[in-house]
There are 2 protein chains.
Amino acid sequence: MPARTKLSDTFCPLGRTAEFLGDRAVILILRELFFKSARFDAITRGTGLGPQLVSARLKMLEQHDVVERRPYQQRPLRYAYHLTPKGQDLFDILYVMRNWAEKWAYAPQEVEADYAVQYLHRGCGADVGTEIHCPQCGERLGFGTVKAVLSPALARERLAKQAV
Amino acid sequence: MPARTKLSDTFCPLGRTAEFLGDRAVILILRELFFKSARFDAITRGTGLGPQLVSARLKMLEQHDVVERRPYQQRPLRYAYHLTPKGQDLFDILYVMRNWAEKWAYAPQEVEADYAVQYLHRGCGADVGTEIHCPQCGERLGFGTVKAVLSPALARERLAKQAV
DNA sequence: GCTTGATACTATGATTATCATAGTTACGAT
DNA sequence: ATCGTAACTATGATAATCATAGTATCAAGC
């Protein structure tokens, strides 16, 4: 295909995230990294993707400072991949993706357990469930429960795109 | 390219979400729908994508029961696109994607406002910020704060993939 | 009644991303 | 000296995406 349209120069934060998280390969690679599969072959096997794709994406993620390549042995020299703080903060996104699938996208046969992946909060021991909550009042957040206020710059950008 | 590897028949909920959310076009289209741009041309212009792509993705999302096509006028007959409950529950994912970008992926020039999009909880009025919290103790959730417990089926699947 | 405009798409050909498969490099071990 | 392991790179086929243009249906204006 022709070069895909550039999205990263937008005031919309979601557009910028979509630019590189809107990619099956990236999501799967991040999953492996969160599961502590740090080595190239483990990532390749865990994702089922070809090595060129994995290689290309890891390089890209490294450039974006999401992933860091560190040697884990000297002879022969071998590198493993680790999440940077910026990459670790992507946890929220993968966590919420999991939430949605546990509720809506069922596995082929299902189910021995309530969840395919159960998450327990290390701090208090609670099962964190599949919802997100308001930090102040604790009520469930979701579609319609929040009001979006656009910055002037983003509002202008959106308006311009709708003009004919 | 050859048909891409099928991901949906996995016990991993994240893999199933990645199958169709791991796509720039889908994320952008959902953004427009959450912003109440329901009509085809509004979606096309708002995303900057070609009409064939938008058309193909909307059909796909309709098949997955994420989007619903409803007539908004009779003559000439015209349809608009709306999120189903399943689609509305994707809000959490887009919300958290926005959180990450507000913190890590800056816009070209920045910044007139703290956030490009500020979210206020309709229930209590609070700015919901950019973090997610434990529903029980209210502490911040993130990388390392939760323990993942895999179901037996998913654990077996992961083990099988790592075998040589 | 003929043209213009709006809306919602579909069709075409060029270009590029991804795939499966195989090959490469560097070393350790047998 | 060959085999094995780990981490990739190279190649050619195929499919997805893009820009651009075109189709279909009706309303409204001249």
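Only this structure's heavy atoms are used, side chains among them; waters, hydrogens and symmetry mates stay out. Source: prediction; values computed, not measured. The sequence lines fix the lettering, A, B, ..., with proteins before strands; numbering per chain opens at 1.
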S.K.: Report yes or no: does B:Trp100 contribute a side-chain atom to a donor-acceptor pair with the main-chain N or O of A:Lys86 at less than 3.5 Å?
M.R.: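 Yes, the answer is positive, given that a donor and an acceptor are paired below the 3.5 Å cut-off.
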S.K.: Nearest whole Å is fine: how far is D:dA16 P from A:Leu53 CG?
M.R.: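 About 14 Å, once rounded to whole Å.
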S.K.: Got a sec, which residues hit salt bridge (Lys or Arg N to Asp or Glu O under 4.0 Å) with A:Lys103, two or more places apart in sequence or on another chain?
M.R.: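 For A:Lys103 the salt bridge (Lys or Arg N to Asp or Glu O under 4.0 Å) partners, ignoring immediate neighbours, are B:Asp89.
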S.K.: Send over the distance from A:Arg57 CZ to D:dT9 C1', rounded to a whole Å.
M.R.: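 From A:Arg57 CZ to D:dT9 C1': 16 Å.
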S.K.: What does the B/S/- profile of nucleotides 23-30 of chain D look like, 5' to 3', with a 4.0 Å heavy-atom cutoff to protein?
M.R.: --BSS---
S.K.: Rounding to an integer number of Å, can you tell me how far A:Arg45 CZ sits from C:dA20 P?
M.R.: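 Spelled out: CZ on A:Arg45 to P on C:dA20 is 16 Å.
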S.K.: Counting just side-chain N and O atoms, does B:Lys59 come under 4.0 Å of either OP1 or OP2 of C:dT10?
M.R.: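 Answer is yes, contact under 4.0 Å.
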S.K.: Using links of under 4.5 Å between side-chain heavy atoms of ILVMFWY residues, direct or through other members, which residues join A:Leu120 in one cluster?
M.R.: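 For the cluster that includes A:Leu120, the remaining residues are B:Val149.
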S.K.: Identify, with sequence neighbours excluded, every residue that meets side-chain contact (heavy atoms from CB on, under 4.5 Å) alongside A:Arg122.
M.R.: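 B:Lys147.
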S.K.: Taking atom C1' of C:dT18 as reference, at what distance in whole Å does atom CG of A:Asp23 sit?
M.R.: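 The answer, rounded to whole Å, is 11 Å.
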S.K.: Considering just the side-chain nitrogens and oxygens of B:Ser55, establish if one lies under 4.0 Å of OP1 or OP2 belonging to C:dA8.
M.R.: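 For C:dA8, neither OP1 nor OP2 has a side-chain N or O of B:Ser55 closer than 4.0 Å.
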S.K.: Report yes if a side-chain nitrogen or oxygen of A:Tyr81 is closer than 4.0 Å to either non-bridging phosphate oxygen (OP1 or OP2) of D:dA6; otherwise report no.
M.R.: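 No, A:Tyr81 has no side-chain N/O under 4.0 Å of OP1/OP2 on D:dA6.
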S.K.: Expressed as a whole number of angstroms, how long is the span from A:Tyr79:OH to C:dA26:C1'?
M.R.: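 Roughly 13 Å, once rounded to whole Å.
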S.K.: Round to a whole Å and report the spacing from CZ of A:Arg24 to C1' of D:dT17.
M.R.: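 Atom-to-atom, A:Arg24 to D:dT17, this comes out as 15 Å.
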S.K.: Can you check the A:Ile29 CD1 to C:dT18 P distance for me, whole Å?
M.R.: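 Computing the A:Ile29:CD1 to C:dT18:P distance gives 11 Å.
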S.K.: Give a yes/no on whether any side-chain N or O of A:Arg69 is located under 4.0 angstrom from OP1 or OP2 of D:dA7.
M.R.: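 Answer no for this pair, as no side-chain N or O of A:Arg69 is under 4.0 Å from OP1 or OP2.
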S.K.: Under the side-chain contact (heavy atoms from CB on, under 4.5 Å) test, which residues partner A:Leu150, sequence neighbours left out?
M.R.: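 Listed in chain order: A:Leu154, A:Ala155, A:Arg158, B:Phe35, B:Val117.
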S.K.: With sequence neighbours left out, what residues match B:Glu68 under side-chain hydrogen bond (donor to acceptor under 3.5 Å, both in side chains)?
M.R.: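 By the side-chain hydrogen bond (donor to acceptor under 3.5 Å, both in side chains) rule, B:Glu68 matches B:Arg70.
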S.K.: For DNA chain C, what residues of residues 36-44 of chain B have any heavy atom nearer than 4.0 Å?
M.R.: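 Of all residues in residues 36-44 of chain B, the ones placing a heavy atom under 4.0 Å from DNA chain C are B:Arg39, B:Phe40, B:Asp41.
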S.K.: Quick one: sort the B:Tyr81 and B:Phe40 rings into parallel, tilted or perpendicular, breaks at 30° and 60°.
M.R.: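 Tilted, since the angle between the ring planes falls between 30° and 60°.
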S.K.: Provide, to the nearest angstrom, the distance between the CD atom belonging to A:Glu19 and the C1' atom belonging to D:dT17.
M.R.: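 So the CD-C1' distance, A:Glu19 to D:dT17, works out to 15 Å.
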S.K.: Kindly write out the residues that satisfy side-chain contact (heavy atoms from CB on, under 4.5 Å) with B:Thr130, not counting sequence neighbours, or none if the list is empty.
M.R.: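 side-chain contact (heavy atoms from CB on, under 4.5 Å) check on B:Thr130 returns B:Arg98, B:Asn99, B:Glu102, B:Tyr115.
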S.K.: If you link I, L, V, M, F, W and Y whenever their side-chain heavy atoms are under 4.5 Å apart, who else ends up in the same group as A:Tyr72?
M.R.: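 Under the 4.5 Å side-chain rule, A:Tyr72 groups with nothing.
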S.K.: Closest to the A:Gln52 side chain: C:dT18, C:dC9, D:dA10?
M.R.: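 So the nucleotide nearest the side chain must be D:dA10.
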